[in-house]
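Heads up, the thing below is written out as structure tokens.
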Amino acid sequence: MKKILFVSLLLLFVGSSLQAQNVKKASIKFEKTTHNFGTFSEKDGVQTVVFSFTNVGESPLLINQAVASCGCTVPTYTKKPIQPGQKGEVKVSYNGAGKWPGAFKKTVSVMTNGDPVKVTLYIEGNMTDE
């Protein structure tokens, strides 16, 4: 009796795991993941770049959150589900006002329900105080 129960549970587990492998997933693909603003003056104001992406998967893609490495970098992103084959964007703004001039490199971590779960975007540049 115990063997029958064990074998039944084993078959149920194997069947469930095989079924889970057939689940269609969303998949995010960015056109680029790095942007260099070059050299700019602090007086030029906020620098902004748009990172475009496509859902190359088979299910709707959701961005759960986008988190910047510091308060001078602010990401905004497409909030609605992106259907397979459709595009979305992550807009990243850098405001160096009141910060030390010089070279910088910042990151934005984008968390999704797809594959990969996390994508890191990079912005860099050289801000002058002139």
Query raised in the report: Backbone N or O of A103 within a donor-acceptor pair of the N126 side chain at under 3.5 Å?
Result: yes
Check residues 92-99 and write down every donor-acceptor pair under 3.5 Å in which the side-chain atom is one partner and the other belongs to a residue at least two apart or another chain.
from : atom 1 : to  : atom 2 : distance (Å)
S93  : OG     : T48 : OG1    : 3.1
N95  : OD1    : A97 : N      : 3.0

Report summary line: Contacts satisfying salt bridge (Lys or Arg N to Asp or Glu O under 4.0 Å) that involve residues 84-96 (not counting sequence neighbours) are E31-K87
Query raised in the report: Does some side-chain heavy atom of I82 sit less than 4.5 Å from a side-chain heavy atom of F53?
Result: yes
Query raised in the report: Are any non-hydrogen side-chain atoms of P101 and T128 less than 4.5 angstrom apart?
Result: no
Query - Close side-chain approach of V110 and Y77, heavy atoms under 4.5 Å - result: no
Query raised in the report: Roughly how far, to the nearest 0.5 Å, is the CG atom of L61 from the CD atom of Q86?
Result: 11.5 Å
Query raised in the report: Does K43 NZ have over 12 foreign heavy atoms under 6.0 Å away?
Result: no
Requested in this report: Rounded to the nearest 0.5 Å, what's the gap from NZ on K106 to SG on C70? Could you check?
Outcome: 4.0 Å
Query - Full working for side chain to side chain contact (heavy atoms under 4.5 Å, CB included) between V90 and T76 - result: CA-CA 6 Å; V90 177; T76 57; over 6 Å; no
Query raised in the report: Which atom pair, heavy atoms only, marks the closest approach of N55 to P84?
Result: ND2-N, 3.5 Å
Requested in this report: Would you indicate whether the side-chain heavy atoms of V49 and K32 approach each other to under 4.5 Å?
Outcome: yes
Report summary line: dist N36:CG -> Q47:CD (nearest 0.5 Å) comes out at 11.0 Å
Pair up each side-chain donor or acceptor in residues 113-124 with any protein partner under 3.5 Å, not counting sequence neighbours, and list the distances.
from : atom 1 : to  : atom 2 : distance (Å)
N113 : OD1    : L62 : N      : 2.7
N113 : ND2    : P60 : O      : 3.2

Query raised in the report: Heavy-atom distance under 4.5 Å between the side chains of V108 and T73, does that happen here?
Result: yes
Query raised in the report: Side-chain heavy atoms under 4.5 angstrom apart, residues restricted to Ile, Leu, Val, Met, Phe, Trp, Tyr: same cluster for F37 and F30?
Result: yes
**Report entry** S27 side-chain N/O to G57 backbone N/O, donor-acceptor pair under 3.5 Å
**Finding:** no
Query raised in the report: Which value, rounded to the nearest 0.5 Å, describes the distance between T112 atom OG1 and K25 atom NZ?
Result: 8.0 Å
